[in-house]
There are 2 protein chains.
Amino acid sequence: MALDTKTLILDAAEKLFATRGFYGVSMRQITIEAGVDPALANYHFGKKRNLFDAVMLRRAEVLNRERIQMLDDCLRRAKPNPPPLEEIIDAFTHALLNRSNKGGAGWKHYFAIIAQINNHPELGGVIMTQYFDPLAKKFMKAITRALPDAQPEDLYWCYHFLSGALTLTFSGTNRINNLSDGLCNASDLDAVHERLVPFITAGFSIFKSSVSQR
Amino acid sequence: MALDTKTLILDAAEKLFATRGFYGVSMRQITIEAGVDPALANYHFGKKRNLFDAVMLRRAEVLNRERIQMLDDCLRRAKPNPPPLEEIIDAFTHALLNRSNKGGAGWKHYFAIIAQINNHPELGGVIMTQYFDPLAKKFMKAITRALPDAQPEDLYWCYHFLSGALTLTFSGTNRINNLSDGLCNASDLDAVHERLVPFITAGFSIFKSSVSQR
DNA sequence: AACTAATTTCAATATATGTTTAATCTTTTA
DNA sequence: TAAAAGATTAAACATATATTGAAATTAGTT
């Protein structure tokens, strides 16, 4: 069936892109992993880059819907005041960590791709911007409302730090496991989330007033 | 001359690996960029992966020396007490941001590679561990001494967030520029450093006592 | 100057690459 | 059931790939 092979190819591409990056995988390897004729990847998706975009888009749509939903809920609850900063940060990260945790292997692979793309000089600016900037702008608007005396420039840098900390978590390297002699487990995303949100909130908070209290 | 072509190849490899990743670059492209016969890359460095290791090693040695130096200075100044947390974080980041800022194009490329590797599921655990874990352990020892009542597990996670925030800064994507409508400039590493150190210090600090004050 | 060792060149290896073509099979539609 | 549209196959395209081999050149040493 048509839809079945499309998903087979998407899943295979997702898995291989996740472990070896865009350039590290060939169309042939993808179709072999999918158990499908080599020509079918081109037939269904066109060029390799288009296939990659399809992989990105499939789950980005789901994520963006969920994250905007959580932000809107959070804004509504606090009305007419701005919501507490920590709730905004949580709305930003919750769907990501939840999907990565309980969404199965496909989601894990997807987030590993995101981690690589976010740190890729050629693709990062283009692809992350394309799929996630509208959402990021919505969150930044909420954050600037929650910290009205902070300088926007400072807050954008904080967002940048958040983005980096978050995506490294998704990368799937287990460097932290070795480094901590097994104290930490990179796959335990609940443990991450529990610490990431207050960590980031504290970082943002030092810019609460425009004179930073270093 | 032998040493000259070796450096030509290393520089070219560094530049291309930085912009397209390990798998996105061919040995031929590297030698063409270096203006050198294609066989010379193999002659001087062996397999592609070995060339990559040589690129990594060249500057890692310099960095590790500088960063350990800064940490030791910092520890000596504070003796017999542990140094303030912020000074340790600064010792961890200073050489990196300084080299990236004033070291020329080669260093910029090098750090862009680091950013990709750190977030690469296959290579991240291996390569980062190989070149930077001894240093990371030294820093973690100093940090746990500076925050003696914190739980080590929490502090390792904080290190992880620091690592992510830092490497994204080096990635060379200018996503933050667009996102902030030009308010931030990702190339202005002084602006980053000024904010990164207190941001991270504040994050670590919430784990000062073992009961976190969320 | 003569000999050795290191370096560079050019050509060739065999294989992998993304993509396309034309023919065949399957499903949907009328 | 017949025609049309869609999906799959196998083969081929030209090009790019990492790596190697054997000559030719250069540099270093006695």
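Since the model is a prediction, treat every value here as computed from it, not as a measurement. Per chain, numbering begins at 1; letters A, B, ... match sequence-line order.
Listed candidates were dT8(D), dA18(D), dT20(D). Nearest to the side chain of Lys47(B) is dT20(D). Of the listed nucleotides (dT8(C), dT19(C), dT8(D)), dT8(C) has the atom at the smallest distance from the side chain of Thr5(B).
The separation between Leu16(B) atom CG and dA18(D) atom P is 12 Å, rounded to whole Å. In this entry the distance linking CG of Asn42(B) with C1' of dT19(D) reads 5 Å, nearest Å. dA22(D) atom P lies 17 Å from atom CG of Asp37(B), rounded to whole Å. Nucleotide dT8(C) holds its C1' atom 15 Å from the NZ atom of Lys6(B), rounded to whole Å.
The six-membered or imidazole ring of Phe170(B) lies near that of Phe111(B), with a centre-to-centre distance under 6.0 Å. Checked against the 6.0 Å centroid criterion, the rings of Tyr159(B) and Phe92(B) qualify as a close aromatic pair.
Here Ala41(B) lies out of heavy-atom contact (under 4.0 Å) with every strand.
In this structure, the side chains of Asp11(A) and Arg58(A) come closer than 4.5 Å at one or more pairs of heavy atoms.
For Arg28(A) against dA16(C), a side-chain-to-base donor-acceptor contact under 3.5 Å is absent.
Remark: Asp53(B) engages Arg49(B) in a salt bridge, criterion side-chain N to carboxylate O under 4.0 Å.
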